[in-house]
4 protein chains.
Amino acid sequence: MESRTSKTRKKILEAAIEEFAQKGFSATTTLEIAQRAQVAEVTLFRHFPKKKDILHFAVLDFVDVFTGNFAFNSLKVIVDHNKHKPIKEILKLIILDRREFLQEYFPYIKVIFQEMQFDEEVRTIYLEKIAKQVSLLFSELFSEIKEREKIKNIDSFILMRSFIGMAFMMIMQRYFIPSENKFEDFDKEIDIVVDIFLNGILDK
Amino acid sequence: MESRTSKTRKKILEAAIEEFAQKGFSATTTLEIAQRAQVAEVTLFRHFPKKKDILHFAVLDFVDVFTGNFAFNSLKVIVDHNKHKPIKEILKLIILDRREFLQEYFPYIKVIFQEMQFDEEVRTIYLEKIAKQVSLLFSELFSEIKEREKIKNIDSFILMRSFIGMAFMMIMQRYFIPSENKFEDFDKEIDIVVDIFLNGILDK
Amino acid sequence: MESRTSKTRKKILEAAIEEFAQKGFSATTTLEIAQRAQVAEVTLFRHFPKKKDILHFAVLDFVDVFTGNFAFNSLKVIVDHNKHKPIKEILKLIILDRREFLQEYFPYIKVIFQEMQFDEEVRTIYLEKIAKQVSLLFSELFSEIKEREKIKNIDSFILMRSFIGMAFMMIMQRYFIPSENKFEDFDKEIDIVVDIFLNGILDK
Amino acid sequence: MESRTSKTRKKILEAAIEEFAQKGFSATTTLEIAQRAQVAEVTLFRHFPKKKDILHFAVLDFVDVFTGNFAFNSLKVIVDHNKHKPIKEILKLIILDRREFLQEYFPYIKVIFQEMQFDEEVRTIYLEKIAKQVSLLFSELFSEIKEREKIKNIDSFILMRSFIGMAFMMIMQRYFIPSENKFEDFDKEIDIVVDIFLNGILDK
DNA sequence: GATGAATGAGCCTTCATTCAT
DNA sequence: TATGAATGAAGGCTCATTCAT
């Protein structure tokens, strides 16, 4: 395996992720990856002895990006930089921020969710390097929020899961079934979802 | 293709879904399916000329079950049978009911969500035979609810998506990462989630 | 793996041994074997999942022949059937008999001696199924001889090894370097070799 | 091709012979040779454009050693230096001498016997540079012997072949199947074999 | 002289599928 | 209806070899 900064290596990894996202790991051939990366098929194997290695290293590279991105642009930073704004605004900013990230790294994320179902190593990486970190950041977020607003005494994990559930569903639906979008205005839709999260659907 | 009621056919379909759920469509071999179904490999091809046919007919068979189940035991029925109970209870019943269904047909659902990303036909079946129906039923549900309780004027689709987002995430997490369960009591957890949906997280 | 009597299986095994004898196991491709056997390359793998299996089963099949041949036409039988003849004649008959066998199964023998150097399993088969048996038979042979003629008190193993050494060298040389043959008459050459073995080279 | 005395060249050749002896020419990869020689794989190809060249030059280098060794320490020399000793002793000395040589250059000899079966050039080198010389030397040896002792009028080639047959078998067996050694004392075993060669096995 | 990177050719092997019974 | 046997196409991977430095 060559240095982790090799240009060819990067080309292969990027090509691979595109293909995996499109057809799934198993249905993607090494030839297809090579062709998209514009290298000979063998060259793949110089860099990654096994096809699976390509998947693992792509995921690992994403983890690096993810960690860097989250560290720098973490939820906490968003909260800190917007202390004066109401919670509603902060949650909205978070959704917008994450949605941008999601869009940029969509293929990686798609592949991770796909393949973690079948591949032990991807699953482990996801759980230990991604899920854990997200969980932690959301815990911090809700701690911040609790200091400023009175919120019900609900377990942080459930809070996070519920918020992510709604937000993620919204983003995914916009991505996969754009036809169903009644609101062209994403902004307004976020407002609604955040309001449900904060105040519920009942009209009092 | 043999009659849709053949016993062998059913064995094959069931075996296939198990394998697909475990390893993905592409990574599953016809031999593995045949072995699990305890028939010769060729027999598969008597019933389903192409491997893809197995997937499609399995999904289609599930759609039949799904339609029957939903028709009989639909959200509407739940609502009708529980008119006297508070909304909170009704939503809870829905989650419990759907969770049971999810557990019983988990492999089918997993496979559909997996393969709809890669297979046009599965995607079409999902959107037209499943998503549409679910959407409709939830619309009816929220109409019912609106007649009894005052709820904010939110688009039905967003309501549904938010509810499903939270509920689905809860069920999935319990399924995939049971280790994270702080609440052994699923009942209590549902109560919390339904409360968030109805009243939000803010403590007034 | 199909039944050990399949016709295709036999064709493959025979083709393989020819190729292995000609080029060595490692330098022989499965395609070459398939072509010589006049079957599709994949068919090989239906019968023998791994290329190595072809080698092992070919050797094993030879062992069966060898055992059968030796059991029926054993040295002992030769001795018994020729009790009246002088030892000289008997040893000669043995060489002629073994030479015929060697000629018929030359590719098998060549492959076994070749590959036992690299392959643990071939080596084991050779040592346990062939060498051991040969050793036993020669022991019996020399016991028979000792009953009839006075021979020096030499360890049976050394006797055998020396006899085989001389006889084998003769046969092999005739096979590999026929150009060196000064005696076209194999019969006479055998007489000489047997005489050396019995009486030595010194002229008294 | 670099000079025949280059240090790298020698390292490669020695590594190659070890590998060839262990796994056979065909089953040995250039990478394995390079790794054992502790050079980069490409470096091999600087010195030997084709993999086969490595084999041929290794064999050729051995021929040089062999020629030198035989010229200096030839059978004739042994005979000359031991004129006073009985033939029995001389033959014994020869076996001991050759056995030592065999042990030192075992990998080379193994590879030559292996690959001469498949490779025209190795075969030619063997026949013309080695076998011929051995043949010649043994002719001389038996001429010497004939001058001193009366031996039967047997063709020199057969004499040599029989002697080598017995001696070689003994050495090889000790090498390959040491477990069968009833005599720990190699000296005594040689005595027996030489005696068979000279006087035969019959007890008169 | 030595090497890191890349590759064409081809190998063993797998897989979905067909044929013949 | 079911199956044992055979196969074309292709897949992952290896190997000797070349290119560029």
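In the text below, chain A, chain B and the rest are named by the order of the sequence lines, each starting its count at 1.
- Judged by Watson-Crick or G-U wobble contacts below 3.5 Å, the nucleotide E:dT21 has F:dA2 as its partner.
- In this structure, the CD1 atom of D:Ile33 is 11 Å from the C1' atom of F:dA16, given to the nearest Å.
- One atom, CG of D:Asp53, and another, C1' of F:dA16, lie 12 Å apart when rounded to the nearest Å.
- Look at CZ on A:Arg9: it is 12 Å from P on E:dA5, rounded to the nearest Å.
- For the pair C:Leu44 CG and E:dC15 C1', the interatomic distance rounds to 16 Å; values are reported in whole Å.
- OP1 or OP2 of F:dA5 has not a single side-chain nitrogen or oxygen of C:Thr8 nearer than 4.0 Å.
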Original post:
Please walk me through it: do B:Phe113 and B:Tyr126 pass ring-ring contact (aromatic ring centres under 6.0 Å, His included)?
Top reply: CA-CA 9 Å; B:Phe113 278 90; B:Tyr126 168 74; 5.4 Å; yes

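- Counting to the nearest Å, the C1' atom of F:dA2 and the CD1 atom of B:Ile12 are 10 Å from each other.
- In terms of position along DNA chain E, the nucleotide closest to D:Gln38 lies nearer the 5' end than the nucleotide closest to the other residue of the pair D:Gln38 and A:Ala40.
- In this structure the side chain of A:Val111 never reaches within 4.5 angstrom of the side chain of A:Phe25, judged on heavy atoms.
- One finds a salt bridge joining A:Glu19 and A:Lys23 here, because a Lys/Arg side-chain nitrogen approaches an Asp/Glu carboxylate oxygen to under 4.0 Å.
- Counting heavy atoms from C-beta on, the side chains of C:Glu115 and C:Leu55 come closer than 4.5 Å.
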Original post:
B:Asp119 and B:His56: side-chain hydrogen bond (donor to acceptor under 3.5 Å, both in side chains), yes or no, with the steps?
Top reply: CA-CA 10 Å; B:Asp119 186 281; B:His56 294 157; 3.1 Å; yes

Please tabulate the protein-to-nucleotide N/O contacts below 3.5 Å involving nucleotides 17-21 of chain F, giving atom names and distances.
from	atom 1	to	atom 2	distance (Å)
F:dT17	OP2	D:Lys51	N	2.8

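- Side-chain contact check for D:Leu13 versus D:Phe48: some heavy-atom pair is nearer than 4.5 Å.
- The residue among B:Thr43 and A:Leu31 whose nearest nucleotide of DNA chain F is located toward the 5' end is B:Thr43.
- Atom NZ of C:Lys11 sits in a crowded spot, with more than 12 heavy atoms from other residues, nucleotides or ligands closer than 6.0 Å.
- When Watson-Crick and G-U wobble pairs are counted only if both distances are under 3.5 Å, E:dT7 pairs with F:dA16.
- A salt bridge links C:Arg9 with C:Asp61: the distance from a Lys NZ or Arg NE/NH1/NH2 to an Asp or Glu carboxylate oxygen falls below 4.0 Å.
- For F:dT1, the OP1/OP2 oxygens have no side-chain nitrogen or oxygen of B:His47 closer than 4.0 Å.
- Contact check of residues 17-29 of chain D against DNA chain F (heavy atom, cut-off under 4.0 Å) returns D:Thr28, D:Thr29.
- In this structure, the CD atom of B:Gln35 is 12 Å from the P atom of F:dG4, given to the nearest Å.
- In this structure the side chain of A:Glu41 never reaches within 4.5 angstrom of the side chain of A:Glu32, judged on heavy atoms.
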